[in-house]
There are 2 protein chains.
Amino acid sequence: MVDYQSSVAPYRQVAAILRGKIERGEYEPGQRLPSVNDLVQEYGIARTTAAKTLRLLVTEGLAEMSPGMGFYVKAG
Amino acid sequence: MVDYQSSVAPYRQVAAILRGKIERGEYEPGQRLPSVNDLVQEYGIARTTAAKTLRLLVTEGLAEMSPGMGFYVKAG
DNA sequence: TCACATTTGTACGTATGTATC
DNA sequence: AGATACATACGTACAAATGTG
């Protein structure tokens with residue numbers, strides 16, 4: 001769950017969590033990340049917010065998007 | 001309503017009102033405070049002034065801000 | 001090939017606060 | 001005080017790709 005009392009934007013909070021899991025190897029390269037809907041349910045955020053989280057990881061070079069399939073941990 | 005004849009700055013006047021409501025429990029911990037726009041309409045002040053009011057409460061440790069969501073009464 | 005439902009991500013409109021002039 | 005641009009959120013509705021039969 002995200003902390004709406006925090007001054008850190010929810011989409012950044014969730015991104016930080018996923019980033020941590022990627023770095024710890026809980027999500028390995030090539031593996032699929034949670035979908036937008038998964039994040040909505042897991043963290044209680046809006047679809048738009050969840051999508052923004054995943055796009056942020058793409059921007060950071062940590063993930064790649066495959067249309068219709070979802071987001072994957074980027075290799076290398 | 002604020003008193004523009006007063007030597008107390010409008011943003012402090014409104015902050016005092018909100019502070020009173022928080023202390024009396026009219027706004028409970030975790031509850032959302034009026035938005036900037038709410039304050040603009042309720043007290044006839046400018047957006048900038050209303051925002052300053054809410055940020056003052058944050059500075060005082062009475063409230064917390066969440067991007068895109070608003071201000072909340074701080075717990076504890 | 002062809003629907004069709006499901007799953008996936010996207011766009012839009014509205015609301016929230018911030019920063020700057 | 002007012003105007004504008006920005007960042008962020010929510011909910012709804014939409015569009016694209018998948019996979020199944």
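The chains referred to below are lettered A, B, ... by the order of the sequence lines, with proteins before strands, and numbering in each begins at 1.
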Between [X] ([atom1]) and [N] ([atom2]), how many Å, whole number?
| X | N | atom1 | atom2 | value |
| --- | --- | --- | --- | --- |
| B:M69 | D:dA7 | CE | C1' | 15 Å |
| A:L39 | D:dG11 | CG | P | 15 Å |
| B:M65 | D:dT8 | CE | P | 11 Å |
| B:L54 | C:dA15 | CG | P | 18 Å |
| A:F71 | D:dT18 | CZ | P | 15 Å |
| B:E64 | D:dA9 | CD | C1' | 17 Å |
| A:K52 | C:dC12 | NZ | C1' | 14 Å |
| A:D38 | C:dT6 | CG | P | 17 Å |

* Please answer whether the main-chain N or O of A:D38 pairs with a side-chain N or O of A:S35 as donor and acceptor at a distance below 3.5 Å. =>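 The answer is yes, because a donor-acceptor pair under 3.5 Å joins these two groups.
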
* Within the side chain of B:Q13, is there an N or O that forms a donor-acceptor pair under 3.5 Å with the backbone of B:D3? ->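 It does hold such a pair.
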
If you look at every strand shown and take non-hydrogen atoms under 4.0 Å, does [X] touch a base, only sugar-phosphate, or nothing?
| X | value |
| --- | --- |
| A:T48 | base |
| B:G68 | base |
| B:N37 | sugar-phosphate |

* Asked: B:P67 side chain: which of D:dT8, D:dA17, C:dG9 is closest?
  ->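 Of the candidates, D:dT8 comes closest.
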
Please find the pair of heavy atoms, one from [X] and one from [Y], that lie closest to each other, and give the distance.
| X | Y | value |
| --- | --- | --- |
| B:R32 | B:G70 | NE-CA, 4.4 Å |
| B:G61 | B:K74 | O-CD, 3.4 Å |
| B:R47 | B:N37 | NH1-OD1, 2.6 Å |

* Given DNA chain D, 5'-ward residue of the pair A:T49 and B:T49, judged by closest heavy atom ->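 Mapping each residue to its closest nucleotide by heavy atoms, the 5'-most match is B:T49.
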
* **Earlier contact from the 5' end, DNA chain D, for A:G44 and B:G44** =>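 First, find each residue's nearest nucleotide; the 5'-ward one identifies B:G44.
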
[N] phosphate, OP1 or OP2: any side-chain N/O from [X] under 4.0 angstrom?
| X | N | answer |
| --- | --- | --- |
| B:R55 | C:dT18 | yes |
| A:Y11 | D:dA9 | no |
| B:R47 | D:dA3 | no |
| A:Y4 | D:dC10 | yes |

